[in-house]
Amino acid sequence: MNAALVINDLDDPRIKNIADWWCGSVNESCSDLFLVSGSGTNWCTLDGNGNQSRPLNLEGRPVFLDCVFVHGSDFDGSIQSLKKQISSGWRAGFIFNGPGNPPCKDGFIRILRSTAPFALTLRHYEEIVGFINQKSRGVEQPAPLPSCCQERAKHLVALDILAQGFLFTHGLLEAGDVSRTSDEKLWNRRLKKTEEMDWWLRGLKVESMDMLKAELVQDEVAEANAKNVVKLVEAALKPPLPSGKNTPHPLKILREEIAGLLQ
Amino acid sequence: MTDVPSTIVEWERNRARLSHDQLKNEFVPLLSKSIRIVEGRVHDDVFESTLAERVPEVCGVLCNSVLALVDGMVASLTPAAYLGVAPLNNLDPDSRRWLSEVIEATWLENMCIERIRDDVRDAVDGVKRQLRALDRFSHMSKEEKLASLNQLLVSVRELGFNLGTLKNVMPYPI
């Protein structure tokens with residue numbers, strides 16, 4: 001299985017990271033990683049340390065690629081040119097570093113993981129290879145999208161925002177110039193609401209904490225972290241809360257944990 | 001799939017385009033080529049004849065785009081936008097209202113948004129100052145031209161650094 005990395009900025013440190021990831025994960029069924037620059041015209045091969053070979057002439061270039069990776073900002077200037085050069089095309093294309101989750105371009109799929117620091121692992125490599133293999137077999141069932149192409153922040157962001165709401169109503173969060181309302185009844189109603197499990201489940205659009213845990217795991221949060229996240233929410237909603245000056249509130253710990261998981 | 005508010009996605013796309021495409025891949029090479037031409041290391045008569053107009057023109061557009069980006073930063077990046085998309089749009093209207101205020105105020109304070117915005121505006125002012133020095137470019141000696149262009153390059157690189165760090169003010173990574 002061969003792959004090409006299309007990136008015009010040859011000083012980009014991500015080249016080494018991507019080469020290290022792809023070549024370091026390679027098994028015997030995989031072969032070359034090509035680096036394509038100059039708006040799709042200059043070719044060389046990369047080793048696992050990101051070292052570039054001498055430029056490849058036309059004869060040394062592949063006529064078909066299993067996989068093309070392209071840097072988001074180089075897409076428009078490079079892909080048309082690459083199409084002309086690769087007579088038989090490629091099986092799957094992925095875009096690095098495309099912010100957000102816009103629609104795929106020309107069948108290219110966005111990789112929604114950080115490239116600086118580099119967040120792709122052996123598991124992602126295996127999923128991409130599995131995805132390409134399934135496509136190559138032409139089976140009717142669509143290949144599952146590699147997990148690195150799926151967003152994982154959905155529940156974590158919502159949890160962090162809900163936690164801020166709880167901490168604010170309980171006087172545990174400073175929110176700039178926003179202060180508690182002078183309407184005591186309204187304030188208490190809001191405070192009570194943040195203590196109800198239903199408020200959390202509605203805000204997360206899940207039916208139970210077990211479902212939340214399952215969805216977090218599906219979103220690529222490690223099972224131990226998912227379990228801990230749920231435990232911290234439950235601890236906050238089931239008094240007595242930990243007491244003492246030096247005991248941080250569970251939702252403060254939760255926010256720290258979420259910040260780490262979103263990196 | 002997650003619903004990342006479209007305002008956040010669009011703002012980040014503009015920032016990346018400005019930082020990577022316009023500044024790093026377009027303006028810095030233009031400036032570097034201008035320096036090499038003045039040094040006499042590169043000969044390009046057509047480029048040289050338009051250099052005095054081209055550099056300020058491209059740079060002016062770049063500065064205006066950066067200012068527009070920072071002016072729209074709070075409105076585009078506010079974490080309150082997450083209350084308008086799934087799953088948090090499932091909350092009752094009152095919760096969404098007060099939570100919006102709380103999380104925006106917390107974000108503004110924790111990320112020091114005002115200071116960061118001022119830093120970028122200062123960097124733009126620095127570029128504009130160097131740009132004004134090019135007003136009398138055609139009357140300058142070779143050494144003066146080189147000094148002005150090199151100072152402009154330093155200011156532009158500082159602006160590029162500021163644009164790069166702006167990525168960190170997003171309330172959550174996307």
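So that the names make sense, note that chain A is the first sequence line, chain B the second, and so on, each numbered from 1.
Shortest non-hydrogen contact noted between A/Ala175 and B/Thr106 is CB-OG1, 3.7 Å.
Put simply, CG on B/Leu91 and CG on A/Leu162 are 6.0 Å apart, with the number rounded to the nearest 0.5 Å. Residue B/Asn90 holds its CG atom at 5.0 Å from NZ of A/Lys205, rounded to the nearest 0.5 Å. The OG1 atom of A/Thr181 lies 10.0 Å from the CD atom of B/Glu101; values are rounded to the nearest 0.5 Å. The distance from the CG atom of B/Leu99 to the CZ atom of A/Phe166 is 12.5 Å, given to the nearest 0.5 Å.
For A/Glu184, the CD atom sits in a packed shell: over 12 heavy atoms of surrounding residues, nucleotides or ligands are nearer than 6.0 Å. Residue A/Glu234 places its CD atom among more than 12 non-hydrogen atoms of other residues, nucleotides or ligands, all under 6.0 Å distant. Within 6.0 Å of CZ on B/Phe161 lie no more than 12 heavy atoms contributed by other residues, nucleotides or ligands. Annotation for A/Glu195: atom CD counts as buried by contact number, over 12 foreign heavy atoms lying within 6.0 Å. The environment of NZ in A/Lys192 is sparse: at most 12 heavy-atom neighbours from other residues, nucleotides or ligands sit within 6.0 Å. Counting heavy-atom neighbours within 6.0 Å of B/Asp45 CG, excluding the residue itself, gives a total of 12 or less.
When each of A/Arg190, A/Glu174, A/Gln164 is scored by its heavy-atom pairs under 4.5 Å with chain B, the top score falls to A/Arg190. The choice from B/Val102, B/Ile8, B/Asp21 that makes the most heavy-atom pairs within less than 4.5 Å of chain A is B/Val102. Annotation: maximal heavy-atom pairing with chain B below 4.5 Å, among A/Asp9, A/Asn8, A/Val178, A/Leu173, occurs at A/Val178. Between chain A and the residues B/Asn110, B/Asn25, B/Asp94, the largest count of heavy-atom pairs under 4.5 Å involves B/Asp94.
A/Ile161 is listed as a side-chain neighbour of B/Tyr172, based on a closest heavy-atom distance under 4.5 Å.
Contact annotation for B/Leu108: neither backbone nor side-chain heavy atoms come within less than 4.5 Å of a heavy atom of chain A. At a 4.5 Å heavy-atom cutoff, the contact between A/Leu204 and chain B is made by backbone atoms alone. Interface remark: B/Leu83 contributes side-chain atoms only to the contact with chain A (heavy atom separation under 4.5 Å). Of the atoms belonging to B/Pro171, not a single heavy atom falls under 4.5 Å from chain A.
Between B/Asp92 and A/Lys193 there is a salt bridge, with a side-chain nitrogen of the basic residue lying less than 4.0 Å from a carboxylate oxygen of the acidic one.
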CA sep, side-chain torsions, deciding dist, call: B/Trp98, A/Thr169, side-chain contact (heavy atoms from CB on, under 4.5 Å): CA-CA 10 Å; B/Trp98 67 261; A/Thr169 56; 3.5 Å; yes
